[in-house]
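For reference, the structure discussed in these notes is given below.
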2 protein chains.
Amino acid sequence: MGDSRQTGSTTQPAVACEQCGLARICFPAALPLHEIPRFSRLVRRGRTLSAGLHLCRAGDELQAVYIVRAGTLKVVHTTPAGAESVVGFCLPGEVVGLDAIANQRHAHDVIALEHSSYCALSLDKLQQLVEQTPGMRQELIRVMSRTLGETHQRMTLLARQGARALVAAFVLDLSVRLERRGLASSRFRLGMRWRDVASYLGLTFETVSRSLAALRRSGVLQAKARYLTVMNRTLLENVAGGAGCGDQKPSGVIP
Amino acid sequence: MGDSRQTGSTTQPAVACEQCGLARICFPAALPLHEIPRFSRLVRRGRTLSAGLHLCRAGDELQAVYIVRAGTLKVVHTTPAGAESVVGFCLPGEVVGLDAIANQRHAHDVIALEHSSYCALSLDKLQQLVEQTPGMRQELIRVMSRTLGETHQRMTLLARQGARALVAAFVLDLSVRLERRGLASSRFRLGMRWRDVASYLGLTFETVSRSLAALRRSGVLQAKARYLTVMNRTLLENVAGGAGCGDQKPSGVIP
DNA sequence: CGCAGAGTTGAACGGTGTCAAGTAACGTGG
DNA sequence: CCACGTTACTTGACACCGTTCAACTCTGCG
């Protein structure tokens, strides 16, 4: 709750966009080759944030959009009454701040859940790029559209199903997002606490814990500390798809 | 389930954008004055759709973005198993198809809930406008950002609260959206069935019905047929804010 | 070692889903 | 226009699942 700005600059070797592992997902993805160096020059790279610090706060003026490079962030909505609820997580390759362009103000707090690094593209440089390079216009629109689509899809997951289905769907969603970004998708470390997951899903953390136990018992996945292993993908998909998970009847679960 | 394309063209007098009541919310909102006529010329106006017909289907190639002019549409996700769930509603002034730009394909069915009218801006014309007019780039990005923000905000509403809070929040959201578009916000007709609302909120329609009854009993709102009257806005906000609604104790409700 | 925070597990309560029956609104065809 | 049938909604009773409260374990850190 003390100060919360980013912790100074460039503590990393500053890999140019051309060499970045996320280049395929980040803005340069659809940029013509000759436009990339220019983009690369305008981006502030290698910013880091240690766990618990804010990337931005609700009400803050929008100064830049951020691209997560490593780590995990949570997007938090705080009600006037003071209650917090997690409305989303940001994984490597995802962009923070697009929803704030319209009002020029952030609507949520964004907080690092673990030591994370990110790149920043200041608003005026973004505007400049959009005005001057056709590829960048296309790409910004494409990224926003994609984000919109993903958000929609994520809303369907929240359509009140059983708790186990929700947790399964969450794990699956995470797995898919990691895979799409070229990261391990069947064995990974969760950046977030389960209590954050609970808040995100609208459940209590006890229920999440129980659901996990059930999924573990049915051999769908394994969870030790914060390391998750998907043991049976298709089963996971079935459970996530709404069909309850065989908790009480450990034998036959949706053949 | 028969055919489902739009019902031919221009059955309305085709009001130019400059005279349209929604001009303040639609794309022309932030367009410089001299760019509006050009925009107006490229838009296909006055398309209509009667209740139950599809504006587009999941998997369809994206051919145009649509701006709702009158009526109400629902956005539906159909699971592989065949179960339908409503993921959103489109009100006058809102844009359909922005989330499909990235993949060039629609991800959901969009279905008219009542006789509705809309304008269409074909994809190539949109692209042309974006390339050639600076105001339109700005505006498209602004609209997408706004939509993204609204979607985020709507997700927070779904953060599993009590059923009455959910229903109250839904009514409030609807009221705010209508108000922002210059329509009556305290007495209006719902375009959607309550069962669609139930699906959207992840509840059964019985529970929605009960919640409505509770809200009616507490004097928060009145509902006859599909006509809704908000009787006490602040109380509605309180109930929506998570504090349960005084159902069992009709006397003191959050002073 | 001991404390703090995160997660696990158990028992009882309460809200929603479910099933079922009944009423109101709507559209159709006479 | 009214009788009809269909669909949407209302309301009740009961079971189930998730919340709540509580005690306990595990992990990480000083």
Side-chain angles (χ1 to χ4, degrees), chain A residues 50-52 72 74 83 85-86 113-115 158-168 170-171 189-217 221-228 239 242-249, chain B residues 50-52 72 74 83-86 113-115 158-168 171 189-217 221-228 239 242-249:
Chain A
S50 38
T72 316
K74 66 174 171 182
S85 73
V86 177
L113 288 167
E114 52 186 341
H115 193 77
L158 295 180
R160 191 176 296 221
Q161 300 173 315
R164 279 169 303 240
L166 279 178
V167 174
F170 174 79
V171 172
R189 181 180 174 283
L190 280 100
M192 64 289 283
R193 307 270 135 89
W194 285 112
R195 60 188 322 115
D196 291 322
V197 176
S199 167
Y200 174 66
L201 296 176
L203 300 167
T204 60
F205 63 90
E206 292 99 321
T207 304
V208 170
S209 179
R210 277 186 251 272
S211 306
L212 268 176
L215 292 171
R216 231 182 286 135
R217 272 194 297 275
L221 50 78
Q222 234 177 291
K224 199 170 285 184
R226 304 258 284 284
Y227 289 89
L228 237 165
V239 177
C245 143
D247 189 15
Q248 30 262 17
K249 285 158 192 162
Chain B
S50 38
T72 316
K74 66 175 173 183
E84 293 191 350
S85 73
V86 177
L113 288 166
E114 52 187 339
H115 192 76
L158 295 180
R160 188 178 301 219
Q161 300 174 316
R164 278 168 304 238
L166 280 178
V167 174
V171 172
R189 182 180 173 284
L190 280 98
M192 65 287 285
R193 307 270 134 90
W194 285 112
R195 61 186 322 113
D196 291 323
V197 176
S199 167
Y200 174 66
L201 296 175
L203 300 167
T204 60
F205 63 90
E206 291 99 321
T207 303
V208 171
S209 180
R210 277 186 252 274
S211 307
L212 268 176
L215 292 172
R216 230 182 287 136
R217 272 194 297 276
L221 50 77
Q222 235 178 291
K224 199 170 284 182
R226 304 257 285 284
Y227 288 89
L228 237 165
V239 177
C245 144
D247 190 15
Q248 30 262 18
K249 286 160 193 161

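In the text below, chain A, chain B and the rest are named by the order of the sequence lines, each starting its count at 1.
Within 4.0 Å (heavy atoms only), B:L212 reaches no atom of the nucleic acid at all.
Side-chain atoms of B:R210 and base atoms of C:dG15 include no donor and acceptor less than 3.5 Å apart.
Using a 4.5 Å heavy-atom cutoff, the side chains of B:V167 and B:V197 are not in contact. Looking at B:V86 and B:L201, their side chains never come closer than 4.5 Å, going by heavy atoms from C-beta outward. Put simply, the side chain of B:M192 does not reach to within 4.5 Å of the side chain of B:R226, judged on heavy atoms. You'll find the side chain of B:R210 stays beyond 4.5 Å of the side chain of B:R164, heavy atoms only.
At whole-Å resolution of the value, NE2 in B:H115 and C1' in C:dG27 are 17 Å apart. Rounded to a whole Å, the CD atom of B:Q161 is 15 Å from the C1' atom of D:dT19. Computed from coordinates, the B:K224 NZ to C:dT23 C1' distance equals 16 Å when rounded to whole Å. Between A:R226 atom CZ and D:dG28 atom C1' the separation is 11 Å, expressed in whole Å. Atoms CZ (B:F205) and P (C:dA20) sit 13 Å apart, rounded to a whole Å. Atom-to-atom, CG of A:L113 to P of C:dG5 comes out at 17 Å; the value is rounded to the nearest Å. Nucleotide C:dT16 holds its C1' atom 12 Å from the CG atom of B:L166, rounded to whole Å. Between the CG atom of A:L203 and the P atom of C:dT16 there is a distance of 14 Å, given to the nearest Å.
Contact annotation: A:S209 side-chain N/O to C:dG7 OP1/OP2 distance is not under 4.0 Å. Proximity of B:R217 to the phosphate of D:dT10: no side-chain N or O atom is located under 4.0 Å from OP1 or OP2.
The 5' end of DNA chain D is approached more closely, in terms of each residue's nearest nucleotide, by A:A163 than by the other of A:A163 and A:E206.
Taking CG of A:L113 as the reference point, atom OG1 of A:T72 lies at 6.0 Å (rounded to 0.5 Å). Separation of atoms CZ (A:F170) and OG (A:S211) is listed at 12.5 Å; rounding is to 0.5 Å.
Less than 4.0 Å separates DNA chain C from no heavy atom of any residue of residues 192-201 of chain B.
Of the candidate nucleotides C:dT8, D:dT19, C:dT16, C:dT16 has the atom lying nearest to any side-chain atom of B:T207.
With hydrogens and angles ignored, the 3.5 Å screen pairs no side-chain donor or acceptor of B:E114 with any backbone N or O of B:A51.
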